[in-house]
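Letters A, B, ... are given to chains in the order of the sequence lines, protein chains preceding strands, and every chain is numbered from 1.
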Amino acid sequence: MQNSDLSFLEQLNQEQRAAVEHTEGPLLILAGAGSGKTKVLTCRIAYLIREKQVKPWNIMAITFTNKAAGEMRERVDALVGMGAESIWVSTFHSSCCRILRRFIDRLGYDNSFTIYDTDDSRQVMKEVIRELELDPKVYKERAILARISAAKNELQDPEAFEAECTSWYDRKIAEAYLAYQKRLARNNALDFDDLLVKTVELFEQEPEIMEHYQERFRYIMIDEYQDTNTAQFRFVDLLAAKYRNLCVVGDDDQSIYKFRGANIRNILNFEQSFPGAKVIKLEQNYRSTQSILNAANEVIAHNAGRKEKRLWTQNAEGPKIGFRQFGSGYEEAEYVAGEIRQRVRNGGASWKDFAVLYRTNAMSRTFEEKFITANIPYKIVGGVNFYARREVKDMLAYLKTIDNGLDDLAVIRIINIPKRGIGQTTIGRIGQYAGEHEISFYEALKCSDRIPGIGRAAAKIHGFTNLITRLRGAAGDGFSVRELLEMVIKETGYAEELKAEDTDESRARIENLDELIAKAEDFGKTAEDTSLSAFLQQVSLVADIDSVEEGSDCVLLMTLHSAKGLEFDNVFMVGMEEKTFPSYMAINGEDTSELEEERRLCYVGITRARKELTMTAAQMRMLRGEPEFLKASRFVREIPREMVRLERETSDTRNFLKSPQVPLDRLMGMGKADQGRAGSGERAPLFERPKQQKTGGFQMREFRVVKADHLDYAEGDQVRHVKFGVGTVQEIKDGGKDYEVTVDFENYGIKRMFASFAKLKKV
DNA sequence: TATATAGTGTTTTTT
DNA sequence: ACACTATATA
């Protein structure tokens, strides 16, 4: 595309175009679901560069997830061409990370700081609780961390927090907050929230650094603005203070992260915060059918205090919203599996056109089981993050220790992995010594000879420190991250040990290690800064949703939260029951704000669907081991009856939709003896769990692709692999569960892999 | 020191 | 139902 070509403007509607062309001063774009806001943002960037001669490096675009950032990056690259790479397109967290990595030494941290995930934070908090001798029954680390996180989101430091304490309990939390920060600092670590907090702190403390970035980012765009919290607001506010060219895009109806500190007032009060702001509404939806949109509008209309807007579309009416209630979650899952299977077989749809959305991660289990038995390829998004898996974290802990031994948590994690005979008592003694001498744990290890009570363990410790020293040497010699990782795996015998275990679980873990190596390799090829620290930092900011690859033909299962920003032809919203969705947490009490947030979540879910939306509910669900009887969600009831199509009407669903409410006792009326069969007819017994594949309960929930009927390549064919590029198929072996394919890659040599994982494409 | 077992508490959503 | 913790035991 020519550098002055503005033809892309022609594909925009009037409002979209106005948003693109309004480049100076604050701008609020209220973009309803599916109204093409990503298109507007990317076009706006192109317009700034082409028409307004803005330099690419003066532009910053912030999105919510890495995935969204990646998508925008791609579109911007395609549209802008040369120079696009100097535009900052990233998440809040990675932007802050990038800034801090350069300047955090001004705040007394080392620039090679590490980032703690939730797990690490909990670990630290446990230590704090022990240190302060708090009763762990009263002071739960989760609860304390939640309070601290809330404080940080409001930019409250420990002192400010303490000043506001009224109860003794709160004062203890303030103490814990302070101690927690000290420990993080000692480990040269930041938690997620700190990334924002410290950046703001940096800007406020070092005005010339702030000015540097203000000059740099003269045009700032923020996506999903409704989900920003106070810290993020401040960050943006500071950055944009000088040039005031701030464009925020959001939809108050899609604000679903209040629990994480998102402040809906940021968007509702934008015009007050940035006087003279122009407001543009995008109300035409290009994504969904009329029916879906109507349902969404109806549901969200039940919320008070929104910015008035009504989505409309020129799309076809499409089928009505489907709703069906089942006796149990198992029947529900069975139905969804069957329905998807059928629609793929008859309707010519492919697996990837389907998504199953639920309120809580715990619900994925049942669906997963049914999908396995129905032989449906699927992928569960969320749950345990790839980088949170044990073996991955172990390897990362090694890399962290090699990078700098400052992170005690990482060192302690791996000091006895593999088993070196260094146990709790030894670790305790070293930790004590380190504390007394105010040195890091790793430093203490090096003078373990002088630590009382170590004795025999000293030799073992030396073995460990020697290993680390050797690996550090290698890192210094310029070995790549991937090579270092492979050395760690080899030197520690980690993979060997797993191989010897020879279980499904251990094999899955080895797969994960390979995956990690592939990621390290990829990093070495694509990253600007290929240092070990850079790798570790990048890795800690990757969310699960980010790794959902296009192209793998699977049904996606995820929470409603993860689904934000995505769209699918066919959506199943499952678990549409009171107490499940809206969650029981949101129902009770006068406070309707939580309920409204649930309703927005429902709105987000509905608007994910392009063509067909099906809602399902169960009358009974196992909750914490106990059966719970549930009535259908009020959100279903908020959709007018005539917009809903009952799939295979049953007496339950008919009654439910006729009367405004099914009396609870009608459902409760099923006596204990009856529990096994909810509803009527010859249904499968409720309590019989499907034959569960025992996989150690670990890996199999993450990523399973069912063996294909056939492969579209044969021995001798040229194939392409996502990471390894092009190669020649040498051998295909039918290993029963899957095909084992041996490929000779042009650049990577011979690799043996499972067909379902490798996703090879014939070229 | 490492492992097995019983007992305990817990769940909403996540960058 | 599950994961985590404390305790007993090899």
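- Picking from dT15(B), dT10(B), dT13(B) the nucleotide with the shortest atom distance to the side chain of K140(A) gives dT10(B).
- Looking at residues two or more places apart in sequence or on another chain, you find no ring-ring contact (aromatic ring centres under 6.0 Å, His included) involving F441(A).
- We find that CZ of F259(A) is positioned 13 Å from C1' of dT11(B), with the value rounded to whole Å.
- Between D227(A) and R260(A) there is no salt bridge, since no side-chain N of the basic residue sits under 4.0 Å from a carboxylate O of the acidic one.
- Regarding E141(A), its CD atom lies at a distance of 16 Å from the P atom of dA3(C), rounded to whole Å.
- Summarising the geometry, the separation between CG on L190(A) and C1' on dT15(B) is reported as 14 Å, rounded to the nearest angstrom.
- Within 4.0 Å (heavy atoms only), F92(A) reaches no atom of the nucleic acid at all.
- The side-chain hydrogen bond (donor to acceptor under 3.5 Å, both in side chains) check on K400(A) picks up nothing, with sequence neighbours excluded.
- Closest to the side chain of R142(A), out of dT11(B), dT14(B), dT15(B), is dT11(B).
- At whole-Å resolution of the value, CZ in R122(A) and P in dG9(B) are 15 Å apart.
- Residues satisfying the salt bridge (Lys or Arg N to Asp or Glu O under 4.0 Å) test with R147(A), not counting sequence neighbours, are D170(A).
- Side-chain atoms of Y584(A) lie closest to dT11(B) of the nucleotides dT11(B), dT14(B), dT15(B).
- Regarding F581(A), its CZ atom lies at a distance of 13 Å from the P atom of dT13(B), rounded to whole Å.
- By the salt bridge (Lys or Arg N to Asp or Glu O under 4.0 Å) test, E628(A) pairs with K579(A), sequence neighbours left out.
- With 3.5 Å as the limit, one finds no donor-acceptor pair spanning the side chains of Y603(A) and Q254(A).
- Contact annotation for Q232(A): no contact, since no heavy-atom pair falls under 4.0 Å across all strands.
- Here the nucleotide nearest the side chain of N361(A), chosen from dT13(B), dT11(B), dC4(C), is dT13(B).
- Partners of E131(A) under the salt bridge (Lys or Arg N to Asp or Glu O under 4.0 Å) rule, at least two apart in sequence or in another chain, are R183(A).
- Side chain of K126(A), nearest nucleotide from dT5(C), dT15(B), dT13(B): dT5(C).
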When you compare the protein's N or O atoms with those of nucleotides 2-5 of chain B, which come within less than 3.5 Å of each other, and at what distance?
| from | atom 1 | to | atom 2 | distance (Å) |
| --- | --- | --- | --- | --- |
| dA2(B) | OP1 | N416(A) | ND2 | 3.3 |

